[in-house]
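Note that these values count all heavy atoms, side chains included, but never hydrogens, waters or copies made by symmetry.
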Amino acid sequence: MAEEVRIDGTTVKVRNPFLVFVWSLVTLGIYYLVWYYKINRELRDAAGVDVSPVVAVVAISIGWIVIVPPFVSWYRTFTRITEAQRAAGITSEANPILGFILYVIAVFFVPVEVIYAQDELNKLWRRRAGANSASGALS
């Protein structure tokens, strides 16, 4: 089970990146869509990043009709992760270009980008949770 962390009144999950990958495969992509919605919602609610989780999911699912939206959505998701990491003071932040390349590979093979994305999100949530508990201890 994923570890739940409270950040600014929002509960986020520190998920096992490998299990995200496995569940995405086993459920034939259904978990992938649910996970993508949830990480974008967590970025919006806990990190204050401007994103609509529904639009992000529509872009990577129905957006395939036009071909370009999934690529744009994934690149923007990695830039959102990077933006949130910078705001949290993480120095080894996600690389949107690497994330995008992993997504392009995933289009032809398997969803390897989820491992990288979830690992970077876990760094963010652990840092933010640590900062929250430190500020709570000071009050």
Side-chain angles (χ1 to χ4, degrees):
M1 182 163 224
E3 173 189 352
E4 291 188 351
V5 178
R6 293 281 294 169
I7 298 172
D8 298 333
T10 301
T11 301
V12 298
K13 289 189 178 183
V14 176
R15 300 170 182 90
N16 181 321
F18 182 71
L19 289 179
V20 172
F21 171 75
V22 170
W23 279 114
S24 295
L25 293 176
V26 170
T27 62
L28 303 176
I30 294 170
Y31 181 79
Y32 181 84
L33 295 173
V34 170
W35 172 81
Y36 196 69
Y37 172 84
K38 286 182 178 185
I39 67 164
N40 278 286
R41 189 194 68 219
E42 290 170 352
L43 282 166
R44 182 195 65 198
D45 296 345
V49 176
D50 184 28
V51 60
S52 169
V54 173
V55 172
V57 170
V58 168
I60 68 162
S61 56
I62 300 170
W64 274 108
I65 294 170
V66 185
I67 299 173
V68 174
F71 295 98
V72 172
S73 183
W74 258 109
Y75 180 78
R76 286 186 178 165
T77 294
F78 276 108
T79 58
R80 289 180 199 114
I81 293 170
T82 302
E83 174 187 333
Q85 288 177 327
R86 279 188 191 135
I90 296 175
T91 55
S92 63
E93 55 197 40
N95 182 334
I97 301 297
L98 174 60
F100 181 76
I101 290 168
L102 290 173
Y103 178 69
V104 171
I105 291 169
V107 167
F108 298 104
F109 299 106
V110 293
V112 292
E113 82 282 7
V114 300
I115 296 170
Y116 181 62
Q118 188 61 57
D119 185 54
E120 293 298 329
L121 284 167
N122 289 347
K123 289 178 196 176
L124 171 64
W125 301 142
R126 285 186 178 116
R127 169 62 71 93
R128 295 282 312 269
N132 279 357
S133 63
S135 67
L138 297 174
S139 338

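- As a member of the Ile/Leu/Val/Met/Phe/Trp/Tyr network built from side-chain separations under 4.5 Å, V55 groups with nothing else and remains a singleton.
- Scored by the side-chain hydrogen bond (donor to acceptor under 3.5 Å, both in side chains) test, K13 finds no partners at all (sequence neighbours excluded).
- At a threshold of 4.5 Å between side-chain heavy atoms, the hydrophobic network of Ile, Leu, Val, Met, Phe, Trp and Tyr places I67 and L33 in one connected group.
- In this structure, R76 and V72 have side chains that are in contact, with non-hydrogen atoms separated by less than 4.5 Å.
- Hydrophobic cluster membership is shared by F109 and I60, with clusters built from Ile, Leu, Val, Met, Phe, Trp and Tyr side chains linked at under 4.5 angstrom.
- Applying the side-chain hydrogen bond (donor to acceptor under 3.5 Å, both in side chains) definition to pairs two or more places apart or across chains, none involves residues 54-64.
- Linking ILVMFWY residues whenever their side-chain heavy atoms come closer than 4.5 Å, directly or via other members, places V110 and L98 in the same cluster.
- Taking the salt bridge (charged side-chain N to carboxylate O under 4.0 Å, His left out) definition, one finds that R80 meets it with nothing, sequence neighbours left out.
- For the side-chain hydrogen bond (donor to acceptor under 3.5 Å, both in side chains) condition, the pairs that include at least one residue of residues 87-103, sequence neighbours left out, are R86-E93.
- The OG1 atom of T77 sits 4.0 Å away from atom CG of N40, with the distance rounded to the nearest 0.5 Å.
- Considering CG of L102 and CD1 of I115, their distance stands at 9.0 Å, rounded to 0.5 Å.
- Residues meeting the salt bridge (charged side-chain N to carboxylate O under 4.0 Å, His left out) test with D119, sequence neighbours left out: none.
- Qualifying side-chain hydrogen bond (donor to acceptor under 3.5 Å, both in side chains) partners for Q118, counting only residues two or more places apart in sequence or in other chains: W35, N122.
- Residues meeting the ring pair (Phe, Tyr, Trp, His ring centres under 6.0 Å) test with Y36, sequence neighbours left out: W74.
- By the 4.5 Å heavy-atom criterion applied to side chains, R44 and V49 are not counted as neighbours.
- The list of side-chain hydrogen bond (donor to acceptor under 3.5 Å, both in side chains) pairs with a residue in residues 105-114, not counting sequence neighbours, reads Y32-E113.
- If you chain together hydrophobic residues whose side chains sit under 4.5 Å apart, V114 and V51 never meet in one group.
- No chain of hydrophobic side-chain contacts below 4.5 Å, direct or via other Ile, Leu, Val, Met, Phe, Trp or Tyr residues, connects V68 to V57.
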If you look only at distance, which donor and acceptor atoms sit under 3.5 Å apart when one is on a side chain in residues 18-30 and the other is two or more places apart or in another chain?
| from | atom 1 | to | atom 2 | distance (Å) |
| --- | --- | --- | --- | --- |
| S24 | OG | V20 | O | 2.8 |
| T27 | OG1 | W23 | O | 2.7 |
| T27 | OG1 | Y31 | N | 3.0 |

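- Using a 4.5 Å cut-off on side-chain heavy atoms (C-beta onward), R126 and V5 make no contact.
- Partners of T11 according to the side-chain hydrogen bond (donor to acceptor under 3.5 Å, both in side chains) rule, which considers only residues two or more places apart in sequence or in another chain, are R6.
- Screening residues 37-57 for ring-ring contact (aromatic ring centres under 6.0 Å, His included), with sequence neighbours left out, gives no hits.
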Problem - Verdict with reasoning, R128 to D8, per side chain to side chain contact (heavy atoms under 4.5 Å, CB included) - result: CA-CA 9 Å; R128 295 282 312 269; D8 298 333; 2.6 Å; yes

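- Side-chain contact between L43 and L124 is present, with heavy atoms from C-beta onward closer than 4.5 Å.
- Side-chain atoms of T82 come within 3.5 Å of backbone atoms of F78 as a donor-acceptor pair (strictly under, hydrogens ignored).
- Crowding of K38 atom NZ: a count of heavy atoms from other residues, nucleotides or ligands under 6.0 Å not exceeding 12.
- The side-chain heavy atoms of E42 and W125, taken from C-beta on, include a pair separated by under 4.5 Å.
- Across all non-hydrogen atoms, the minimal contact from A59 to S73 is CB-CB, 3.7 Å.
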Handout entry: Stepwise side chain to side chain contact (heavy atoms under 4.5 Å, CB included) check, V112 with Y116
Key = CA-CA 7 Å; V112 292; Y116 181 62; over 6 Å; no

